[in-house]
Amino acid sequence: MSDEKLTPRNIDFSEWYNTLVLKAELADYAPVRGCMVVRPYGWALWENIQAALDRRFKETGHVNAAFPLLIPMSFLEKEKAHVEGFSPELAVVTIGGGEKLEEPLVVRPTSETVIGSMYAKWIQSYRDLPVLINQWGNVVRWELRTKLFLRTLEFYWQEGHTAHATSKEAEEETLRMLGVYADFAINEGAVPVVRGVKSECEKFAGAVQSLSIEAMMQDTRALQSGTSHFLGQNFAKAFEIQYLDQNNTLQHCWTTSWGLSTRFIGAIIMTHGDDQGLILPPRLAPIQAIIVPIFKSDPETAAVMEAVNRVQTELKAAGIRVKVDDRTEVTPGFKFNDWEMRGVPLRVEIGPKDVEKGSVALARRDKPGRDPLTGASGKSFVPQAGLAAVVADLLTDIQKSLLERATAFRDSHIFDPKDYSELTEVVQNGWAYSFWCESSECEAKVKEDTKATTRCIPLDREKGHTLTGAGGKCIVCGKDAKRKVYFAKAY
RNA sequence: CGGGGUGUAGCGCAGUUGGCAGCGCACCGCGUUUGGGACGCGGGGGUCGGCGGUUCGAGUCCGCCCACCCCGACCA
């Protein structure tokens with residue numbers, strides 16, 4: 001239940017975000033520091049995200065499975081970079097059933113190791129390849145500083161793990177799944193993302209190469225919204241994932257992993273939300289249209305509810321996720337604000353006047369529902385007849401306009417600074433897109449001077465490899481640089 | 001782990017010099033209301049974060065501890 005206004009975004013973006021997550025009832029703080037409870041409304045959103053992704057995973061030939069939460073500590077130690085990357089943030093179980101364990105168990109921070117160990121068992125022949133498995137689950141990373149959805153000790157995600165016969169196949173898979181994420185983010189979440197290659201410093205612990213999709217939030221900070229890793233033979237060698245090829249030669253597999261988490265909910269919130277609350281993209285919104293009945297007296301109630309039920313049935317039949325807010329204890333005005341806080345894309349009001357005229361009032365969430373100066377409502381009145389088609393069209397249009405708005409915002413906050421001094425300025429309120437020599441020294445200098453990090457070296461959408469061209473001079477050191485990178489402050 | 005802040009009713013907070021634990025919202029009941037956050041009347045709800053100390057008396061003063069939030073270092 002929302003009873004107060006939000007802190008405006010331009011006053012305190014972080015405060016706006018935190019209170020919005022709580023007020024919209026997406027999540028709540030759990031008894032343990034840094035942990036969160038995903039509430040039903042937030043989970044419904046996650047379920048829609050899952051469905052949209054899972055469909056894409058199945059279409060690209062993947063199957064789901066479930067691997068255990070507990071992993072022997074020794075497994076993580078088998079891959080050097082992996083254990084170095086993850087050991088500071090492991091939760092470790094040392095006692096089980098009242099007895100000290102012979103070997104400590106880690107609560108999975110990610111599942112490459114345990115899945116790798118199983119792949120070693122399952123894969124014998126080139127005929128067993130590729131193995132294309134995804135798992136929906138939760139993982140634990142003991143983060144020092146947490147924030148609802150963006151970084152919590154425990155989070156929900158999916159992690160895909162694949163094994164291939166050749167490097168080329170594995171690299172293609174890595175790229176394919178990055179494409180799936182980008183397609184999902186853009187077309188389902190209306191979150192415009194850039195896809196690219198992470199720097200050596202920023203890549204996944206144990207990967208040969210990490211790819212990511214990066215989104216710009218309304219405070220212009222970057223949010224890594226999904227990652228796809230080419231693991232080379234690192235884990236295959238650590239876990240002896242081997243197969244006999246056509247020539248009866250023993251070969252190590254080439255593996256990939258890719259993940260997208262409940263963090264994406266944070267991306268949706270911070271990409272689309274406004275000072276009234278959430279704005280959910282229609283394709284992912286748990287409720288796409290909320291019907292608010294309005295009535296004054298009993299005879300009117302019956303007539304209004306008759307129309308409400310009829311409209312609800314019609315919208316439902318058209319496949320629209322619709323809900324009627326039939327609460328009697330709060331006024332329509334309260335409901336308007338309440339559902340705006342929750343980001344429902346479209347509101348349908350039906351009152352005595354509508355019953356009389358055979359109309360409904362529609363209010364889009366993405367356009368101002370109330371003119372703060374004139375008090376004009378900004379609602380449109382449409383006939384009840386044929387409403388489902390109108391609503392469906394509007395939802396499509398809202399989806400489209402959210403993406404356009406977010407894309408325009410992003411593009412207007414990406415800069416091409418002419419020198420280093422300008423770079424340090426633009427990353428305070430945007431991203432810099434600049435040539436970089438790809439040395440970790442230059443990367444570290446930018447981070448130290450500005451707190452901005454490299455986000456990714458963008459990929460050409462069609463060709464799938466990074467842009468190549470004449471090249472330029474590194475924005476930091478002035479040496480020759482082949483490729484451009486995004487510098488931005490990140491979550 | 002450093003810096004800052006906060007712990008008092010479900011939430012947000014006030015509580016002066018140490019002297020009956022309060023306000024707003026929410027909640028429950030009844031009635032009137034309902035097209036942009038309704039109103040009246042009547043109710044219920046407290047280990048004042050914990051432990052210890054000072055005192056006739058502690059929400060208030062002192063010490064220690066704990067938790068959470070925000071800002072950094074680390075990270076999806």
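These values consider heavy atoms only, across backbone and side chains, with no hydrogens, waters or symmetry-generated copies. Lettering follows sequence order; numbering is per chain, from 1.
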Margin query: Can a side-chain donor-acceptor contact be found between A/Gln312 and A/Lys323 if the only test is distance below 3.5 angstrom?
Written below: no
Once hydrogens and angles are ignored, does a donor-acceptor distance under 3.5 Å link the base of B/G36 to the side chain of A/Gln276? no
A/Asn337 atom CG is separated from B/G37 atom C1', nearest whole Å, by 5 Å
Considering only atom C1', compute the distance from B/U54 to B/C28 and round it to an integer number of Å. 43 Å
Residues at least two apart in sequence or cross-chain that pass ring-ring contact (aromatic ring centres under 6.0 Å, His included) with A/Tyr181, listed by chain then number, are none
query = Could a donor-acceptor pair under 3.5 angstrom be found where the side chain of A/Asp338 meets the base of B/G37?
reply = no
Taking the C1' atom in each of B/C13 and B/U17, what is the distance between them to the nearest angstrom? 23 Å
With rounding to whole Å, what would you report as the distance between B/U16 and B/G29 at their C1' atoms?
37 Å
Taking for A/Ala205 and for A/Pro293 the nucleotide of RNA chain B with the nearest heavy atom, the one nearer the 5' end belongs to A/Pro293
Winner on side-chain proximity to A/Leu144, out of B/A73, B/U34, B/G36, is B/A73
In Watson-Crick or G-U wobble terms, with both distances under 3.5 Å, the base opposite B/A73 is none
Whole-Å distance, A/Asp28 CG to B/G10 C1', equals 11 Å
Rounded to whole Å, the CZ-P distance (A/Arg342 to B/G37) equals 18 Å
In whole angstroms, the gap separating P of B/C39 from CD of A/Glu329 amounts to 16 Å
If pairing means Watson-Crick or G-U wobble with both distances under 3.5 Å, then the partner of B/G19 is B/C56
Heavy-atom nearest nucleotide on RNA chain B taken for A/Lys451 and for A/Phe204; more 5' hit belongs to A/Lys451
Looking only at B/C74, B/G36, B/G35, the nucleotide nearest the A/Pro352 side chain is B/G35
Worksheet item: Looking only at atom C1', what distance separates B/G36 and B/G49, rounded to whole Å?
Response: 40 Å
Here the distance between atom P of B/G36 and atom NZ of A/Lys335, to the nearest Å, is 13 Å
In whole angstroms, the gap separating C1' of B/C74 from CD of A/Glu143 amounts to 7 Å
Q) Between the side chains of A/His229 and A/Ser210, does any donor sit under 3.5 Å from an acceptor? A) yes
A/Leu284 and A/Ala52 have their tightest heavy-atom pair at CD2-CB, 4.3 Å
Taken in chain and number order and not counting sequence neighbours, the residues that satisfy side-chain contact (heavy atoms from CB on, under 4.5 Å) with A/Glu443 are A/Ser199, A/Cys201, A/Glu202, A/Trp436, A/Ser440, A/Thr454
- Using only side-chain N and O atoms of A/Thr331, determine if any of them is under 4.0 Å from OP1 or OP2 of B/U34. no
Whole-Å distance, A/Lys353 NZ to B/G36 P, equals 8 Å
note: A/Leu153, atom CG; B/C74, atom C1'; distance rounded to Å ~ 13 Å
Between protein and nucleotides 4-8 of chain B, what N or O pairs are separated by less than 3.5 Å?
none

Residue set satisfying side-chain contact (heavy atoms from CB on, under 4.5 Å) with A/Ser117, at least two apart, ordered chain then number -> A/Phe75, A/Val114, A/Phe239
So the salt bridge (Lys or Arg N to Asp or Glu O under 4.0 Å) pairs with at least one residue in residues 109-119 of chain A (sequence neighbours excluded) are none
Across every strand shown, the nucleotide meeting Watson-Crick or G-U wobble geometry with B/C68 (both distances under 3.5 Å) is B/G5
Applying ring-ring contact (aromatic ring centres under 6.0 Å, His included) to A/Tyr491 and not counting sequence neighbours gives none
- Message: Give me the distance, rounded to whole Å, that separates B/G46 from B/G22 when you measure between the P atoms they each carry.
- Response: 13 Å
Anything under 3.5 Å between a donor and an acceptor, one on a side chain of residues 289-307 of chain A, the other on a protein residue two or more places apart or in another chain? List them.
residue, atom, partner, partner atom, Å
A/Glu300, OE1, A/Lys296, N, 2.9
A/Glu300, OE1, A/Ser297, N, 3.4
A/Thr301, OG1, A/Ser297, O, 2.8
A/Glu306, OE1, A/Arg310, NH2, 3.4
A/Glu306, OE2, A/Arg310, NE, 3.1

- prompt: Do A/Lys379 side-chain and B/G36 base share a donor-acceptor contact under 3.5 Å?
  reply: yes
(Q) Taking B/G3 as the reference, what is the distance to B/C65 when you measure between their P atoms (whole Å, please)? (A) 14 Å
Sorted by chain and number, sequence neighbours left out, side-chain hydrogen bond (donor to acceptor under 3.5 Å, both in side chains) with A/Asp325 holds for A/Arg327, A/Trp339
Pairing partner of B/G44, by Watson-Crick or G-U wobble and under 3.5 Å for both distances, is none
Every protein N/O within reach of nucleotides 64-70 of chain B N/O, cut-off under 3.5 Å:
residue, atom, partner, partner atom, Å
B/C68, OP1, A/Arg33, N, 2.8
B/C70, OP1, A/Asn18, ND2, 3.1

As its Watson-Crick or G-U partner within any shown strand, both distances under 3.5 Å, B/C25 has B/G10
Original post:
Between A/Trp157 and A/Arg141, is there a cation-pi geometry (under 6.0 Å to ring centre, at most 45° from the normal)?
Top reply: yes
Taking a pair to mean Watson-Crick or G-U wobble geometry with both distances below 3.5 Å, B/G63 pairs with B/C51
For this session: Could you measure between the two P atoms, the one in B/A58 and the one in B/G53, and give it in whole Å?
Result: 12 Å
Scanning all shown strands, the Watson-Crick or wobble mate of B/A38 with both distances under 3.5 Å is B/U32
Query raised in the report: Have A/Lys147 and A/Ser14 got a donor and an acceptor in their side chains that come within less than 3.5 Å?
Result: yes
